[in-house]
Amino acid sequence: MARKTSRSGLPGSVAILWLRHDLRLSDHRALAAALDEFGLIVPVFVLDESDENRWALGGASRWWLHHSLAALGAALRKRQSELVLRRGDSVSILRDLVRETGAAALFCGETHEPWLRSLTDAVEKAVGVPVHRRRVSTLFDAEAIRTKSGGQYSVYGPFARACRAQPEPEDPLPAPQSIPSPKRMPRSDALDDWGLLPKKPDWSGGFDTMWTPGEAGADKKLKSFLKDRLDGYGASRNVPGDPQGTSMLSPHLHWGEISPNQVWHAAKQAADRKKAKSGWDSFSGELLWHDFSAYLLRYNPEMPEKPLRAAYAKLPWRRDKAGMRAWQQGRTGIPIVDAGMRQLWRHGWMHNRVRMITASFLVKHMLVSWQDGEAWFFDTLVDADLATNAASWQWIGGCGTDSQPFFRVFNPVTQGKTHDPDGRYVRHYVPELKALPDRWLHCPWQAPQSVLGKAGLVLGRDYPKPILDLDRGRDRALDAYRKHVRGAKKGADA
DNA sequence: CTCGTCTTGTA
DNA sequence: ACAAGACGA
């Protein structure tokens, strides 16, 4: 690629690459632009915990970040570069680094997180050199997706149609062969000193078996998914007992170890090869949901805290400490809910179908606020993403912009029987129920004594009795909705 | 203004 | 069948 010497800088001049949620070298448009316009690159990651950010990194995210940064550092060293790690206030650190290196510009990826957007603005004001943002974590530019009247979409369907009417997302860029460094790189913290890994108790044992953070791990996950899972994805993605039924790319996408662009194009090619049209339709739709969540957060910065439909703020959420702990620890006595919550704790990840079931159970049956569930997921998921997490919890809470009728309450028993009919999922994560026959596995409290006896199971001793009656929980949720949301809205309109 | 449309459900 | 409108063209 020809280097342009006439623009912002000389080929020998320095640019800072400020990495955030874009921990990769391939298809990185900010990196490519920096290399294109400047000769020498200083890649920096700043761990900024100085502000009172309610959405500071959760424990699972910190585990992931540690390993992802290690992988990125190694990938940079292979290209005659290195990753500069700094901890503290982003603004002063980057200002100092610009001075120290004599950098003439700063490049970074575009982000949709409100706090990161305003932090980027603050950095721009402080560093005294131009700041260039490039789209790195969505397929489409949020500015380009507009309704006919120029407004923003609030419903997925029309949003997705508008995206699909756009020109195809650009082809991904290859990773640069080499990333030249200035003669003297600024000093870097030692990653191990950051203490991102759990101390004791070390809950991360189940993480290693499932995840390989970093660009290479992301690529491997993508390839194995496309190889034999894209065909039939529409159905297999709903089977939690099939560990590979989904792409499992979410944490890699969140940290930007792979770009939606790369996934889009790779999947499209694979689908064309295999004539897997329906697999492509479903999977590309999921990628558009990822874009849609970012888009919503971009235009609704309070989405993580406040219901998009204001009437829902009036719901009388219950404070239920014991219930919340039971839910978190997978001891609700509802097998599919407990299986999901235990999977989350063990692996930092939960199957999408089960996320909906466990979330619906918390918000509807338990009548605990979606914000409380959101906070727990944010702390425990390796793919904790402010936009996706908030949008999804609002959706299940019925207060998202999409019309998810509140009265649509997932029945965890029906869901279990439909989506885990052979009990593979529940038996894996709730082994104390292993010996129960399929018929009673999802509703042990209904099993006859003789069945329980044969399985050597005493409810309340070996496995909890349900913390609530499902029918009563459902009715209570519907009553609350009718009284506080529907009624409130009518009152407001009158 | 009207009309088609609306991720994932339950009884 | 139910239940609840709202979004967007």
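The structure displayed is predicted, hence computed values, not measured ones. In what follows, chains are A, B, ... by sequence order, proteins preceding strands, each numbered from 1.
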Checklist entry - Does the ring center of A:Phe225 lie less than 6.0 Å from the ring center of A:Tyr233? => result yes

Item to check | Integer-rounded Å distance: B:dT7 C1' and A:Met356 CE | outcome: 8 Å

Next on the checklist: Could you spell out the base pairing of DNA chain B as a dot-bracket line? Use Watson-Crick and G-U wobble contacts where both distances are under 3.5 Å, [ ] for crossing pairs, | for partners on a different strand.
Outcome noted: .|||||..||.

Checklist entry - With the threshold set at 4.0 Å, does a side-chain nitrogen-carboxylate oxygen contact exist between A:Arg319 and A:Asp372? => result yes

Checklist outcome for this item: Hits for ring pair (Phe, Tyr, Trp, His ring centres under 6.0 Å) against A:His351, two or more places apart or cross-chain, chain-then-number order -> none

Checklist entry - Are any of A:Asn352's side-chain N or O atoms less than 4.0 Å away from OP1 or OP2 of B:dT8? => result no

Next on the checklist: Show me the pairs that pass ring pair (Phe, Tyr, Trp, His ring centres under 6.0 Å) and involve residues 434-454 of chain A, at least two apart or across chains.
Outcome noted: none

Checklist entry - Rounded to the nearest Å, what distance is computed from the NZ atom of residue A:Lys364 to the P atom of nucleotide C:dA3? => result 16 Å

Checklist entry - Looking only at atom C1', what distance separates B:dC6 and C:dC2, rounded to whole Å? => result 16 Å

Next on the checklist: Between the base of B:dT8 and the side chain of A:Arg353, is there a donor and acceptor pair under 3.5 angstrom?
Outcome noted: yes

Counting only pairs under 3.5 Å, give me each side-chain donor-acceptor contact of residues 149-167 of chain A, with atom names and distances, residues two or more places apart or in other chains.
{"unit_1": "A:Ser149", "atom_1": "OG", "unit_2": "A:Thr147", "atom_2": "OG1", "d": "3.3"}
{"unit_1": "A:Tyr153", "atom_1": "OH", "unit_2": "A:Arg146", "atom_2": "O", "d": "3.4"}
{"unit_1": "A:Tyr156", "atom_1": "OH", "unit_2": "A:Gly285", "atom_2": "O", "d": "3.0"}
{"unit_1": "A:Arg164", "atom_1": "NH1", "unit_2": "A:Ser284", "atom_2": "OG", "d": "3.1"}
{"unit_1": "A:Arg164", "atom_1": "NH2", "unit_2": "A:Ser284", "atom_2": "OG", "d": "3.2"}

Checklist entry - For A:Lys483 and C:dA3, what is the distance between atoms NZ and P respectively, to the nearest whole Å? => result 20 Å

Checklist entry - Whole Å only: how far is the CZ atom of A:Phe410 from the P atom of B:dA11? => result 12 Å

Checklist entry - Any idea which of B:dA11, B:dT7, C:dA9 is nearest the A:Tyr156 side chain? => result B:dT7

Checklist entry - Checking all strands, does A:Ser154 fall into the base, sugar-phosphate, or nothing category for heavy-atom contacts under 4.0 angstrom? => result sugar-phosphate

Item to check | Pairs involving residues 321-341 of chain A, ordered by first then second residue, that meet side chain to side chain donor-acceptor pair (under 3.5 Å) (sequence neighbours left out) | outcome: A:Gln329-A:Arg331, A:Thr332-A:Asp338, A:Asp338-A:Tyr463

Next on the checklist: Taking the minimum atom-to-atom distance to the side chain of A:Trp289, which one of B:dT8, B:dT7, B:dT10 wins?
Outcome noted: B:dT7

Return all side-chain donor-acceptor pairs below 3.5 angstrom for residues 213-223 of chain A, not counting sequence neighbours, or 'none' if the list is empty.
{"unit_1": "A:Glu215", "atom_1": "OE1", "unit_2": "A:Leu25", "atom_2": "N", "d": "2.9"}
{"unit_1": "A:Glu215", "atom_1": "OE2", "unit_2": "A:Leu25", "atom_2": "N", "d": "3.2"}
{"unit_1": "A:Glu215", "atom_1": "OE2", "unit_2": "A:Ser26", "atom_2": "N", "d": "2.9"}
{"unit_1": "A:Glu215", "atom_1": "OE2", "unit_2": "A:Ser26", "atom_2": "OG", "d": "2.5"}
{"unit_1": "A:Asp219", "atom_1": "OD1", "unit_2": "A:Lys223", "atom_2": "NZ", "d": "3.3"}
{"unit_1": "A:Asp219", "atom_1": "OD2", "unit_2": "A:Lys223", "atom_2": "NZ", "d": "2.7"}
{"unit_1": "A:Lys221", "atom_1": "NZ", "unit_2": "A:Met210", "atom_2": "O", "d": "3.1"}

Checklist entry - Expressed in whole Å, how much space separates the P atoms belonging to B:dT7 and C:dA1? => result 22 Å

Next on the checklist: Rounding to an integer number of Å, can you tell me how far A:Ile396 CD1 sits from B:dT7 P?
Outcome noted: 14 Å

Checklist entry - Does A:Arg408 have a side-chain nitrogen or oxygen under 4.0 Å from the phosphate oxygens OP1 or OP2 of C:dA3? => result no

Checklist entry - What distance, rounded to whole Å, do you find between the two P atoms, one in B:dC1 and one in C:dC7? => result 16 Å

Next on the checklist: Side chain of A:Gln415 only, heavy atoms from C-beta on: which candidate in B:dG9, C:dG8, B:dA11 is closest?
Outcome noted: B:dG9

Checklist entry - From the list B:dA11, B:dC6, C:dA9, which nucleotide is the closest neighbour of the side chain of A:Arg161? => result B:dC6

Item to check | For atom CZ of A:Phe292 and atom C1' of C:dC7, their distance in whole Å | outcome: 11 Å

Checklist outcome for this item: Rounded to whole Å, CD of A:Gln152 lies from P of C:dG8 at a distance of 10 Å

Checklist entry - Looking at the side chain of A:Arg309, which of B:dA11, C:dA6, B:dT8 is the nearest nucleotide? => result C:dA6

Item to check | A:Ile357 CD1 to B:dG9 C1', straight-line distance once rounded to whole Å | outcome: 11 Å

Checklist entry - Which nucleotide, C:dG8, C:dA9, B:dT10, lies nearest any side-chain atom of A:Val155? => result C:dG8

Checklist entry - Would you say the side chains of A:Trp264 and A:Glu170 form a donor-acceptor pair under 3.5 Å? => result no

